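Working notes, structure below.
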Protein chains: 2
Amino acid sequence: MPSKVPQAAIRRLCRYQQVLAQLEQDGVETVSSADIGRLAATNGAQVRKDLSYFGDFGRRGLGYKVSELRAQLRAILGLERGRNVAIIGAGNLGSALVGYPGFEMRGFHVVAVFDNDPAKVGRRLRGLRILPLTRLTEVAATKDIAIAILAVPEFAAQIVADRVAEAGIRAILNFAPRHIHAPPGVVVCNVDMTSQLEFLSYFLTQGETELEAEEC
Amino acid sequence: MPSKVPQAAIRRLCRYQQVLAQLEQDGVETVSSADIGRLAATNGAQVRKDLSYFGDFGRRGLGYKVSELRAQLRAILGLERGRNVAIIGAGNLGSALVGYPGFEMRGFHVVAVFDNDPAKVGRRLRGLRILPLTRLTEVAATKDIAIAILAVPEFAAQIVADRVAEAGIRAILNFAPRHIHAPPGVVVCNVDMTSQLEFLSYFLTQGETELEAEEC
DNA sequence: CAGTGTGAAGCGCTTCACAGCT
DNA sequence: AGCTGTGAAGCGCTTCACACTG
């Protein structure tokens, strides 16, 4: 419905939702855009603008009802229903992600693990049997997998991404240290941890001269 | 030296460096900005502009010498010297990161692991003894730690970040599912995996209507 | 009066287009 | 001719400021 929403705004909506969850837990009932801004590392104007892309959620002179706004944000982000996710690549990182409690806590259910290594296939990881990639399409359908998390080696990333797309999965979170490009109709989010370190390294070399609480 | 460089440009420089590494390995000697752009998911104009923040690296009419440009980028990003990093939090994720081969391969050496849990302290993780957080300042100095990777629970993230700053470490890569704000003089990079999933979830709900190869 | 919703101004990044080397 | 380096134009996000409302 919204005509044009900046990606950065969506990112911030996630943070607002998180901040509101905390406030709700603390028993706060009402909050102003300025307060949300403070807690989410922005400002009130930005918060109001971001919300305005999706509707009117506040009461003038009063602020926002915490639980109400949070529910709205969850609806916007599609967080009301849980999502099933598959982890592809059962190496160190993949294995750790299978057991990462944060996913389950926020409604993302890891329901399948895949790997191509015959030595790994069949073994169990936190109760999930590791499946061969050949079964991806089948399992994606039967287990209603919405998102694939890629924890595969660099050289395999793009190939696997394409197979994920063929399997009908329309969202990919890529941890391989290579920027993969999205097959048509698929959303890709690249999280190259090594690049993040390189990025930090840049600021360290600038260091002495201008380093002052950068962010990213 | 550069007056004002967009953060996005730095991020792209990391990708260019990566692309050039591949080209170098493939034995390519010369490359145009247009080619780099294609390989790094941008365009030639962007590549040239990004490079122009730091100097003149190309030959008109010819392009760039791959190995030469790559060396220049590595210098800009501070990648010539290795960097020692500490991992804080020896849970699932932290443990996996200690063993992540990508770090070492790109010149980031994991030289210390910390955790506050007495049950974990003293145990070994890939040859590294898990140390208590109380020793952070001491070890940061003796082992010349440049970057701290936080893999701690949500509630501890900000507190630990502040202690990292006190220990004299000036760069933090934060994996806790909470946006932490940087102590003065410290660069922070927040990589909340759960938020990434929420971000993807948004596009899935938009889905039917407008989903077409988004990126992030 | 306190605080939202929003058009408009401001600003920074990206894209364009072309002069200038090779 | 081919391709870089770059001022200037274009564009989109953020910030401002204020009308409006409870």
Side-chain angles (χ1 to χ4, degrees), chain A residues 1-16 19-20 23 28-66 68-70 72-73 76 199 202 210 214-216, chain B residues 1-16 19-20 23 28-66 68-70 72-73 76 199 202 210 214-216:
Chain A
M1 192 170 322
S3 46
K4 191 65 187 52
V5 186
Q7 279 202 12
I10 310 296
R11 281 252 153 63
R12 283 188 299 265
L13 290 184
C14 297
R15 292 219 300 273
Y16 303 158
V19 160
L20 289 167
L23 289 172
V28 179
E29 291 193 347
T30 278
V31 70
S32 70
S33 61
D35 289 339
I36 297 175
R38 214 163 295 123
L39 292 165
T42 355
N43 58 70
Q46 185 72 79
V47 172
R48 294 199 300 280
K49 178 61 85 178
D50 289 343
L51 295 176
S52 78
Y53 291 122
F54 297 93
D56 298 2
F57 305 113
R59 285 116 225 257
R60 305 201 182 212
L62 228 173
Y64 303 86
K65 253 201 119 226
V66 171
E68 200 175 278
L69 180 56
R70 175 156 184 250
Q72 302 273 19
L73 288 181
I76 292 166
F199 182 76
Y202 168 79
E210 55 135 325
E214 293 279 343
E215 263 284 351
C216 90
Chain B
M1 192 171 318
S3 46
K4 191 64 188 53
V5 186
Q7 279 203 11
I10 309 298
R11 280 254 153 63
R12 283 189 299 265
L13 290 184
C14 296
R15 293 217 301 274
Y16 303 157
V19 161
L20 289 167
L23 289 172
V28 179
E29 290 192 346
T30 279
V31 71
S32 70
S33 61
D35 289 339
I36 297 175
R38 213 165 296 122
L39 292 164
T42 354
N43 58 71
Q46 185 73 78
V47 172
R48 295 198 300 280
K49 178 62 86 179
D50 288 343
L51 295 176
S52 78
Y53 292 122
F54 296 93
D56 296 3
F57 306 113
R59 285 116 225 256
R60 308 203 179 209
L62 229 171
Y64 303 85
K65 253 200 120 226
V66 171
E68 200 176 280
L69 180 56
R70 175 155 184 250
Q72 302 273 21
L73 288 181
I76 292 166
F199 181 76
Y202 168 80
E210 56 135 326
E214 293 279 343
E215 264 285 351
C216 88

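A quick note: this is a predicted structure, and the numbers were derived from the prediction, not measured. Naming: A, B, ... by sequence-line order, numbering from 1 per chain.
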Could you go step by step and tell me if A:Val5 and B:Tyr202 meet the side-chain contact (heavy atoms from CB on, under 4.5 Å) rule?
CA-CA 12 Å; A:Val5 186; B:Tyr202 168 80; 4.3 Å; yes
For the pair made of [atom1] in [X] and [atom2] in [N], what is the distance, rounded to whole Å?
X       : N      : atom1 : atom2 : value
A:Asn43 : D:dA17 : CG    : C1'   : 13 Å
A:Tyr53 : D:dG12 : OH    : P     : 12 Å
A:Ile10 : D:dT14 : CD1   : C1'   : 16 Å
A:Gln7  : C:dC13 : CD    : P     : 17 Å
B:Asp50 : D:dT4  : CG    : C1'   : 14 Å
A:Leu62 : D:dT21 : CG    : C1'   : 11 Å
B:Arg38 : D:dC3  : CZ    : P     : 10 Å
B:Phe57 : D:dC3  : CZ    : C1'   : 17 Å

Check whether any side-chain N or O of [X] sits under 4.0 Å from OP1 or OP2 of [N], and answer yes or no.
X       : N      : value
B:Arg12 : C:dT14 : yes
B:Gln46 : C:dT15 : yes
A:Ser32 : C:dG3  : no
B:Tyr64 : D:dG5  : yes
A:Ser52 : C:dG5  : no

Against B:Val19, only a single residue in B:Val66, B:Asp35, B:Leu39 fulfils side chain to side chain contact (heavy atoms under 4.5 Å, CB included); can you say which?
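In the set B:Val66, B:Asp35, B:Leu39, the residue that makes a side chain to side chain contact (heavy atoms under 4.5 Å, CB included) with B:Val19 is B:Leu39.
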Decide yes or no, distance alone: a donor-acceptor N/O pair under 3.5 angstrom between the base of D:dG5 and the side-chain of B:Arg48.
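It does, because a donor-acceptor pair links the side chain of B:Arg48 to the base of D:dG5 below 3.5 Å.
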Does any N or O donor sit under 3.5 Å from an N or O acceptor when you compare the side chain of A:Arg60 with the base of C:dT4?
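Under the 3.5 Å cut-off, the side chain and the base do form a donor-acceptor pair.
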Side chain of B:Pro6 only, please: which of C:dT14, D:dT4, D:dC16 is the nearest?
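Per side-chain heavy atoms of B:Pro6, the pick is C:dT14.
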Of all the nucleotides listed (C:dA8, D:dG5, D:dT4), which has the minimum atom distance to the side chain of A:Lys49?
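Side chain of A:Lys49 sits closest to C:dA8.
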Distance in Å, A:Leu69 CG paired with A:Leu20 CG, rounded so as to fall on 0.5 Å steps
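Reported to 0.5 Å precision, the distance equals 5.0 Å.
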